[in-house]
Each structure stands twice: as C-alpha cells, then as structure tokens.
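In what follows, a structure is listed as structure tokens, so that the remarks can point back to it.
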Amino acid sequence: MTPSTAEAETGASAAPESRPSNFLRDRIVDDLKTNKYNGRVQMRFPPEPNGYLHIGHAKAICIDFGLAEEFGGKTNLRFDDTNPEKEDVEYVESIMEDVKWLGFHWDGLYYASDYFDRLYEWAITLINKGKAYVDDLSAEEIRQYRGTLTEPGRASPYRNRPVAENLNLFERMRAGEFPDGSRVLRAKIDMTSPNLNMRDPVMYRILHAEHHRTGNKWPIYPMYDFAHGQSDSIEKVTYSMCSLEFADHQPLYNWFIEQLGIFPSQQIEFDRLSLTYTIMSKRLLRRLVEEGRVNGWDDPRMPTLGGLRRRGYTPEAIRNFVAAVGVSRTNGIVDLAMLEHFVREDLNKRAPRVMAVLRPLKVVIDNYPENQVEEMVAQNNPEDERAGSREVPFSRELYIEQDDFRELPPPKYFRLSPGKEVRLRYGYFITAKNVLKNDKGEVVEVHCTYDPATRGGNAPDGRKVKSTIHWVSARHAINAEVRIYENLFTNPDPIDVPEGHDFTKNLNPSSLVAISHAKLEPSLANAAAGSRYQFERLGYFCADPDSKPGAPVFNRTVALKDTWAKVEKKQEKLTNTNKTS
RNA sequence: UGGGCCGUCGACUAAUGGUAGGUCAAGUGCCUUUGGAGCACUUUGUCUAGGUUCGAAUCCUAGCGGCCCAGCCA
C-alpha cells in the first residue's frame, strides 16, 4: 500500500458513520476485500436446548445476528441437540421466544439432529479412509490412555483394527446391538499431540436414549466435535463464532472439515460476558432454582432473559449494553452498574411517570377543605411531549414517603420537616406544622398547611422551595405489592468463597424485599403485566404477571440514581470519623 | 508442569508503527416542579525489563500475571 492510498483511506474512515472497531468485524471486512466467500456472510447461533438463555447468550446472539445484519448476511438458529439426555423441547421453545424477544429473526431454523444421517455417512467415510476406529476400551481406560497435560497418550489396543472390522462394529453400534458405554467410535489422529483434543477424540458414543426430535431412531449420538463443524459446513456458514474455551477445539474442527473435504467454515473465538454480582453458569443457575433460592428460572433476580424480562428490562437496553461492552479476547468482568445504566437510559426515554408511595406516611392538610377533591394535571413524561398528561386526584389526606419527612432534619436535608415548606409534585406548596406519634414515639401523621395560591406547584410570588416530593391521595390510593430487588449476591465475584463453602454463602439475604402495602395513584389499578413505569423519584417498575385486577404487583427494575443517599452516606462517614478521632 | 489464549484509566473497550480516545463508575459545577434527566468540566491508564525504529500500547526477546484444556458434556 502506498502512503497516498493510506491517507485517502484514513480520510474515508473518518466519515461520521464510523463505529468502534472489533476483531470480528475486521475479519469480515478483510474477507470481503479479498472476496474470500464471494461477499457472503453466513452466521449461526447454536445453543444446546438444555436450559434457558441468559445475558451471556445475549452477547453471542447480538454478535451473530448483529454482524450478519451489518453486512447484509444471514443467520441461522441451530439447536446443537447431540446429547438427548440433557435436552428438551421446553428449552427449544423458550430459546426461540427469547431470541425473538431480543428483536432478532433467524433465516434458517435447523437442528444438528437434522444432520444425523449425513454425519453417520461421514463417519463411515472416515473409517474407510483409515481415519476412524471403534474402540472397546471403557471410559476409564480411555481416560488413562489419553495421558495428561504433561505426558503423551498411548495408543489403544484397538487403534489398528482393520477397516472391515471397524465398519462391521460401527454398523452394529448403529443397529443397537451393544450396551451404553461398551464402545465408541474415535478419530485416529495423534495420541502424542500437546492438544488433548487431538488425542483420538471420541466421535460417537452409544446412548440408548430417546431424543426429543428423533425419538428412538438412534442408539448412537455424535459428539459436539463431530457435529458442530460439519453442521456449520452443511449450512455454508462462513463465520462460526464461539466463546474462548473452544479455541483448543479449532484444530479438530478444521481436521474433520479437511478430512471430509467439505465447505470450510471457520471458527473464531471471542470472550464470554461476565458481570459483577452475577453467575452465568447454567449448572449453578439450575441449583438456585432447584434449591428454591429463587422462584424459578424467570425470577426477576436471575440473569436469564426470562428473568430480566420479568424484572422490566427492555430488549433495547440489553442490546445497547452488549454493544457498549464490546468484544475482545480478554477475560474481563463488566460492572453490573453498566447494565443498569443502559436500562435507565432506555426507560428514561419511554417509561410513563407515575406517583407511588412505597412506605406511606399520612399527611393531613389542616386548612384544606374536608371533602374537596381536585384533579391535578400531571405530565406523563417530561422527556417526551407526545406522552401527554393525566389527572391525579388531590385531597386533604395524602400519603408521602416516610423518607421524605424528618422531625430532626440532618444537614443538607431538603425535604419536609417541621416549619419547612416543600412542593407536592403537581400539587401545592405545603408547610409542616406538627406531628402525631404512636406509643413507640414514631411519627405516624404529619399535619401541614397549604398555600392555595400555589396550585399546580407554581408560586405566583416567585418564591422557591428546595424540594419537590411525590404523594398519593389517601382516599384514592390503590394498594399494591411492590417487590424491591437488590443484587442476588453480596460479593462482586459470587464464586469467590472461603475454603469449605460454595457460592450460596454469598447469597444476599435481602435480595428480595416485598412491600405489601404500597400506595399507588389510581391510574395504576389495572396495569397490564409487563407494563413499565417510572415511579417518580424512586425508580423504574414493571407490572408482574402475579398482578390481579385492582391489586397490582410491581417489580422494581432498577432504582433511580440517588444523590441524597450518597450525601447522607458521606455525612455518616464524617460524623463517625469525628466520633472515633 | 505440556499446549493454547490474553495483559491499555477502578470496570469495559478504541487507537491496525505517528495526538493514548470513548462508555460506565467516581468527583465538581450549572440547571431543574423527580436530590431523576440534561449540560459542562475534572481525576485516574499502555504488566515489567531489554531490543528494533526517526518514532512502539502496537513489532521482537525474556520475565511476571491471568484464563482455558486431561467428559463417552456443549
């Protein structure tokens, strides 16, 4: 390349549309330049239907489908269903639902089991080439013969069986003549390879198990390594992108394709997504469900797509998050705060605002007419004019948040306290006069006066208040259950535990706090399950499927950023250090 | 310990031999009928040591550190 061309290209890439690069995209761009696949981009997302998809899968989905979209390519959804003992249609259905929910559409829908016949023929091809043999060693013996990380493996005594005998035995394996575990078909590669995957890997095992799609047709099933690359090849997949731990399998992936002389799909590995305070292992997630630590796979505390959906996450938030995280080959851990940022960002733009009081404290406005009710006009979304407005009933007795009143206000506390004036959002300015307490000395009622001239929240004389608080009219309030979620784990790395413990030691005992008597404004009485709102000043909330007409249940998706909480914490720290010093 | 992969602000990620930039987090200020949102600004970084080069985060060598591999799981 001449310097002048380089300059010209730099100029072109400085165009406004340029997006951050990554090594996967670069690879495709390079291949497009050299016309390696005639301009074709064919991707695939290949989940095993043995569990529910989680946010880690969302990254893979966004990469596979996203890259195809970007380059005008196609993406197949292919179920990697080669292990009937762990798989089920229940999972294939939920996986399809989740992929669609994320907003992606597959071009072809396939199953590795579609290819069982062809795979079987290819196994015979390799036997005929002298590249595969039937091994009678037990699983334990195979393990011993394989050697270790530092010692080479040894040849099985059955390694040099004649082709005819291998053919005969393999056909009888297929016919179901032998019991599970009695024999396997192995590739004949190199028992001394430093890559253990190349030490005569197993291609087929005997499994008299019913498969969710092929029923009892097959008593033998191909291993991942003998199915994945060939499935890619059959579908003419150009880029088979998978996670880093498969890098050691790439030589084997290529070996089968070369031996068979079939379409050369290429595997490229990228890093998995890890999140702080979160586990992504299907095995561990399953334990949480089975041990009743959470309420099912779609518990709003779960990192499953079903859980995030129920929690109130939007597909857009997840996709924006995944895009922001990027892709590389490093093993990093993304801060959960980043995920939360993207759901706040999305919901801020689209969620209607509404007033709800989680921990109610009664306020009585002494100078407000006893039976008067006014409909106050409230904006549905200050971020979006088109969202319009609604009316919220206002009356003499209201609920405000317990946190919004302090009898003895700490420094910098701007909310209601005796003698202080605040604005009730879209209501009036009120001033606290005195309080009623229970036997325990807790404030149970605050008596205030209001300024009738401040209707709607504007003071004609231009005077300012330092705080605006939300409220709900006591007479009109809807009772609701609100479920407040915190991180499921108390440790950023949940599997980091002292000797003798497991990850359940890090479970957060207060990851779910159900508030049974929250008070909502009346417009929320029949909120549809899945509808998302911002409860003003509190956070984003999503109606749960447990909701009944007139008795809604809400999940807190994420809290709003809370500047006061930070100030308060800092002050506590200050007073504590003053005390100790 | 053999092999593979990888080390850039606290976190994630760009810079493709030529100005170390973006997002999150943190902090400051402005603004605000949400202590929200928004706006502006600030702090912090190329694992170490050599080498190649006019010039190195980038290339080379060595060291250090992390992750993955010994399923008839995927």
Side-chain angles (χ1 to χ4, degrees), chain A residues 20-23 26 46-48 50 80-83 85-87 135 137-139 142-144 146-153 180-186 193-199 201-207 220-221 223-225 227-228 242-251 269 271 273 276 282 321 323-342 344-345 348-349 353 355 378-379 382-383 412-415 423-427 456-459 465-470 492 534-539 559-567:
Chain A
S21 156
N22 74 52
F23 72 104
D26 292 349
E48 183 188 15
N50 70 341
D80 226 335
D81 56 349
T82 56
N83 185 359
E85 293 182 321
K86 292 188 174 175
E87 298 154 5
D135 196 342
L137 254 27
S138 70
I142 286 180
R143 190 173 65 76
Q144 283 164 3
R146 184 158 31 229
T148 68
L149 294 178
T150 51
E151 305 155 28
D180 287 5
S182 57
R183 281 176 235 265
V184 292
L185 183 70
R186 289 231 255 173
S193 171
N195 181 345
L196 304 230
N197 293 117
M198 301 299 274
R199 319 240 266 226
V202 172
M203 295 162 59
Y204 269 92
R205 75 281 214 187
I206 301 174
L207 237 39
I220 56 172
Y221 290 91
M223 299 286 289
Y224 164 86
D225 284 307
H228 201 95
C242 62
S243 44
L244 241 26
E245 68 269 26
F246 289 98
D248 289 338
H249 293 249
Q250 197 185 135
E269 310 87 14
D271 60 342
L273 174 67
T276 56
K282 268 187 204 172
F321 164 71
V325 163
V327 60
S328 70
R329 291 175 69 94
T330 58
N331 292 101
I333 302 168
V334 177
D335 196 335
L336 187 60
M338 197 155 168
L339 211 212
E340 293 178 339
H341 163 79
F342 282 96
R344 282 195 194 100
E345 180 187 67
N348 176 50
K349 282 179 290 192
R353 270 58 170 176
M355 290 198 284
Q379 268 182 287
E383 300 289 314
K412 299 263 176 72
Y413 184 85
F414 302 146
R415 282 113 97 147
R423 171 169 36 234
L424 293 175
R425 177 142 237 227
Y426 304 123
N458 295 301
V465 286
K466 294 206 89 166
S467 179
T468 300
I469 65 176
H470 61 277
Q534 183 195 98
F535 289 2
E536 292 220 29
R537 302 208 304 133
L538 298 175
L560 253 25
K561 285 204 206 160
D562 190 345
T563 306
W564 166 243
K566 274 182 201 167
V567 172

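Only this structure's heavy atoms are used, side chains among them; waters, hydrogens and symmetry mates stay out.
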Would you tell me if any nitrogen or oxygen in the side chain of [X] comes within less than 4.0 Å of OP1 or OP2 on [N]?
X: A:R344; N: B:G38; result: no
X: A:R199; N: B:C69; result: no
X: A:R423; N: B:G35; result: no

Are [X] and [Y] side-chain neighbours, meaning at least one heavy-atom pair lies under 4.5 Å?
X: A:E340; Y: A:K561; answer: no
X: A:P201; Y: A:M223; answer: no
X: A:I469; Y: A:L424; answer: yes
X: A:N83; Y: A:R205; answer: yes
X: A:E48; Y: A:E87; answer: yes

Task: Criterion side-chain hydrogen bond (donor to acceptor under 3.5 Å, both in side chains) against A:T468, the qualifying member of A:R423, A:R537, A:R425, A:R415 - done: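 Result for side-chain hydrogen bond (donor to acceptor under 3.5 Å, both in side chains) with A:T468: A:R423.
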
Within the 4.0 Å heavy-atom criterion, would you say [X] contacts the bases, only the backbone, or no part of the nucleic acid?
X: A:I142; value: base
X: A:L336; value: nothing
X: A:N458; value: base
X: A:V184; value: base
X: A:T276; value: nothing

Value in whole Å for how far the [atom2] atom of [N] lies from [atom1] of [X]:
X: A:Q534; N: B:G38; atom1: CD; atom2: C1'; answer: 14 Å
X: A:E340; N: B:C12; atom1: CD; atom2: P; answer: 17 Å
X: A:D135; N: B:C72; atom1: CG; atom2: P; answer: 11 Å
X: A:M198; N: B:C69; atom1: CE; atom2: P; answer: 18 Å
X: A:E383; N: B:U32; atom1: CD; atom2: C1'; answer: 11 Å
X: A:D271; N: B:A14; atom1: CG; atom2: P; answer: 9 Å
X: A:K561; N: B:A37; atom1: NZ; atom2: C1'; answer: 9 Å
X: A:F23; N: B:A15; atom1: CZ; atom2: P; answer: 12 Å

Is there a Watson-Crick or G-U wobble partner for [N] with both distances under 3.5 Å, and which nucleotide is it?
N: B:U48; result: B:A62
N: B:G71; result: none
N: B:G55; result: none
N: B:G38; result: B:C30
N: B:A15; result: none

Integer angstrom distance from the [atom1] of [N] to that of [M]:
N: B:A15; M: B:A20; atom1: P; value: 16 Å
N: B:C47; M: B:U42; atom1: P; value: 25 Å
N: B:A26; M: B:G10; atom1: P; value: 15 Å
N: B:U48; M: B:G66; atom1: C1'; value: 15 Å
N: B:U19; M: B:C59; atom1: P; value: 16 Å
N: B:U58; M: B:U46; atom1: C1'; value: 10 Å
N: B:C31; M: B:C41; atom1: C1'; value: 14 Å
N: B:G7; M: B:A57; atom1: C1'; value: 11 Å

With the side chain of [X] defined as its heavy atoms from C-beta on, choose the nearest nucleotide among [options].
X: A:D335; options: B:C73, B:U23, B:A11; value: B:A11
X: A:M338; options: B:C24, B:C73, B:A14; value: B:C24
X: A:H341; options: B:A74, B:G35, B:A25; value: B:A25
X: A:E48; options: B:C68, B:C73, B:C72; value: B:C73
X: A:R537; options: B:U34, B:C24, B:C73; value: B:U34
X: A:A337; options: B:C24, B:G36, B:C12; value: B:C24
X: A:K566; options: B:G27, B:G71, B:C69; value: B:G27
X: A:T563; options: B:G36, B:C12, B:U13; value: B:G36

State whether the side chain of [X] and the backbone N or O of [Y] hold a donor-acceptor pair below 3.5 Å, judged by distance alone.
X: A:S193; Y: A:N195; result: yes
X: A:D271; Y: A:S328; result: yes
X: A:T276; Y: A:L336; result: yes

Side-chain-base donor-acceptor pair under 3.5 Å for [X] and [N]:
X: A:R415; N: B:G35; result: yes
X: A:S21; N: B:U16; result: yes
X: A:D26; N: B:U16; result: yes

TODO: Could you tell me the separation between the CD atom of A:Q379 and the OH atom of A:Y426, rounded to the nearest 0.5 Å?
DONE: 4.5 Å

Task: Syn or anti for B:G38 (syn when the glycosidic angle lies within 90° of 0) - done: anti

Open item on the list: Taking atom NZ as the centre, does A:K349 end up with more than 12 heavy-atom neighbours from other residues, nucleotides or ligands that are less than 6.0 angstrom away?
Closed with: yes

TODO: Mark up nucleotides 1-8 of chain B, 5' to 3', with B wherever a protein heavy atom is under 4.0 angstrom from a base atom, S wherever such an atom reaches only the sugar-phosphate, and - elsewhere.
DONE: BBBSSSS-

